[in-house]
Amino acid sequence: MQSSLLNLTLSIILVVLVGWLLVAGRALLLPFVIALIVWYLINALSHGFQLIRVGDRHLPGWIAFPLSLATIFIAGTFVFDMVAANLAQLARDAPVYQGRLEEVFDQVSGLVHLNDPIKLEDFLPDAIVPKLVTAGAGFVTTVAGSASLVFIYTLFLLLEQSTFDLKLERLFADPEKAKSAFAVRAEINQSILHYFSIKTAVSIATGVLTSLVLTLMDLPYAPLFGFIAFLLNYIPTIGSLVSVIFPSLMAVVYYDTLVPFIVIASGLGSIQFSIGNLIEPKLMGSSLNLSGLVIMLSLAFWGSIWGAVGMVLCVPLTVLIMIVCSKFEASRPVAVLLSANGAIADPPIAGPASVRDHDGG
């Protein structure tokens with residue numbers, strides 16, 4: 001009993017200490033985490049290019065890898081330039097839109113015959129719209145400023161990735177334990193690659209359809225709103241809602257009637273509902289095996305620690321924790337609690353005997 005209580009106390013202390021390090025080291029960890037994402041994306045894209053057949057052969061790695069580097073660089077440069085240009089234009093137009101928003105409040109007050117008309121200041125601080133746009137532009141500037149650090153981290157990850165397998169193997173004196181570690185890494189990689197592949201595909205579809213609808217409605221900044229929809233689609237549940245709200249509010253202040261607002265809100269809502277509730281679950285299946293409540297708690301937890309980056313990574317990080325915990329008897333209950341139905345498919349593979357059983361040897 002005393003041993004169990006001691007283990008529980010030490011586990012709680014360890015979790016609190018790790019949480020404190022994640023918060024305190026945010027400025028140092030976030031660029032490295034972003035670099036890990038870029039590095040992983042480069043390798044995943046390179047692997048995808050190698051699946052392309054050229055005649056009777058697949059595209060060789062010495063062509064696929066530089067091609068993936070060039071693709072990501074060109075795409076990143078294009079997106080950054082587009083977002084920066086749209087935010088700069090939006091910052092110039094923000095006072096006009098704020099004035100239009102005040103007119104909308106006056107019209108609503110007149111329709112409901114209020115003695116004390118509704119003012120924008122009753123809901124938002126003075127000049128909040130220009131401040132929000134300026135904050136967005138400042139965020140882009142901050143990202144650009146940390147891009148050099150992210151680039152350095154990514155460069156070293158690419159240069160040293162050939163030694164990662166050797167280092168992981170030599171961490172363990174027992175070859176069977178090393179084999180177990182490689183098996184866990186392969187499972188984590190497969191789950192995360194499956195998640196990001198599907199999520200990226202549906203996010204691109206969401207962003208393109210959003211831009212198309214807004215372009216057809218002649219709403220300004222359609223590419224920017226499409227990119228926002230693409231990014232927010234990585235954030236579970238609340239991301240799709242927010243990506244509909246932004247262009248809908250713009251429609252309220254841009255058009256003279258509410259008809260375009262209704263069309264845009266219903267159109268974007270239909271896109272989000274169809275992709276998020278019909279297409280994506282069918283493609284994703286039950287491979288992640290995560291509880292919906294756990295996803296929401298993970299969203300709040302990682303969002304409070306790492307902001308928007310944490311919200312985007314909350315699902316992969318939770319999947320990683322669940323897979324690792326499922327491989328050890330002591331932490332297996334944690335994996336069961338994190339899962340959707342309590343069913344953890346693979347038995348623990350922490351020891352040599354378990355590896356032999358798992359492999360059927």
Side-chain angles (χ1 to χ4, degrees), residues 14-47 68-69 71-73 75-77 79-80 83 136 138-161 163-165 167-168 181 184-200 203 227-228 230-236 238-239 288 290 294-325 338:
L14 178 62
V15 170
V16 172
L17 180 60
V18 170
W20 177 81
L21 289 174
L22 290 175
V23 175
R26 174 176 176 174
L28 176 65
L29 290 174
L30 270 185
F32 182 68
V33 169
I34 296 173
L36 278 175
I37 297 172
V38 176
W39 169 75
Y40 185 84
L41 182 60
I42 290 172
N43 283 279
L45 192 59
S46 175
H47 177 71
S68 67
L69 284 173
T71 301
I72 291 176
F73 176 77
T77 303
V79 168
F80 180 80
V83 172
F139 173 76
V140 173
T141 304
T142 302
V143 171
S146 62
S148 57
L149 187 59
V150 172
F151 172 78
I152 293 173
Y153 286 150
T154 306
L155 179 62
F156 277 95
L157 285 169
L158 292 173
L159 291 174
E160 296 187 13
Q161 67 179 14
T163 65
F164 290 166
D165 287 352
K167 290 180 180 179
L168 181 60
V184 172
R185 190 189 67 173
E187 184 178 353
I188 292 172
N189 183 65
Q190 181 180 3
S191 297
I192 293 178
L193 183 60
H194 176 76
Y195 170 78
F196 270 120
S197 299
I198 295 176
K199 200 68 176 176
T200 300
S203 296
F227 177 70
I228 291 174
F230 165 79
L231 278 186
L232 291 179
N233 199 61
Y234 284 97
I235 301 177
I238 64 172
L288 295 180
L290 282 180
V294 167
I295 291 177
M296 292 305 299
L297 292 175
S298 174
L299 178 67
F301 174 76
W302 290 106
S304 64
I305 292 179
W306 285 348
V309 176
M311 291 182 178
V312 171
L313 295 178
C314 68
V315 172
L317 288 172
T318 308
V319 169
L320 186 151
I321 293 171
M322 184 181 71
I323 292 175
V324 172
C325 289
L338 293 177

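Remark: of the listed residues Leu290, Ile188, Leu317, Leu290 is the sole one forming a side-chain contact (heavy atoms from CB on, under 4.5 Å) with Met322. Just one residue in the list Leu313, Leu22, Val309 forms a side-chain contact (heavy atoms from CB on, under 4.5 Å) with Trp302, and that residue is Leu22. The one candidate from Leu158, Leu157, Thr163 that meets the side-chain contact (heavy atoms from CB on, under 4.5 Å) condition with Glu160 is Thr163.
With contacts defined as side-chain heavy-atom distances shorter than 4.5 Å, the pair Ile37/Val312 does not qualify. Between Ile323 and Ser191 there is a side-chain heavy-atom pair separated by less than 4.5 Å. Contact check for Leu29 versus Leu21: no side-chain heavy atoms found under the 4.5 Å cut-off.
The 12-atom threshold is exceeded at CD of Gln161, counting heavy atoms of other residues, nucleotides or ligands nearer than 6.0 Å. With a 6.0 Å radius and a threshold of 12 heavy atoms from other residues, nucleotides or ligands, Phe73 has its CZ atom at or below the threshold. Counting heavy atoms of neighbouring residues, nucleotides and ligands inside a 6.0 Å radius, atom OH of Tyr40 exceeds 12 of them.
The shortest heavy-atom contact between Arg26 and Pro31 is O-CD, 4.2 Å. Pairing each heavy atom of Ala35 with each of Val150, the nearest pair is CB-O, 3.7 Å. For the pair Pro236 and Met311, the tightest heavy-atom approach, listed with the atom from each and the gap, is CD-O, 3.9 Å.
Here the CG atom belonging to Leu69 is positioned 10.5 Å from the CG atom belonging to Leu41, to the nearest 0.5 angstrom. Note: Ser203 OG to Phe227 CZ = 11.0 Å, rounded to the nearest 0.5 Å. In this structure, the separation between CZ on Phe196 and CD1 on Ile192 is 7.0 Å, given to the nearest 0.5 Å. Rounded to the nearest 0.5 Å, atoms OH (Tyr153) and CD1 (Ile34) are 11.0 Å apart. To the nearest 0.5 angstrom, Phe230 atom CZ is 6.0 Å from Thr200 atom OG1. From Leu299, atom CG reaches atom CD1 of Ile235 across 7.0 Å, with rounding to the nearest 0.5 Å.
Using a distance-only test at 3.5 Å, with no hydrogens or angles considered, a donor-acceptor pair links the side chain of Ser298 to the main chain of Cys314.
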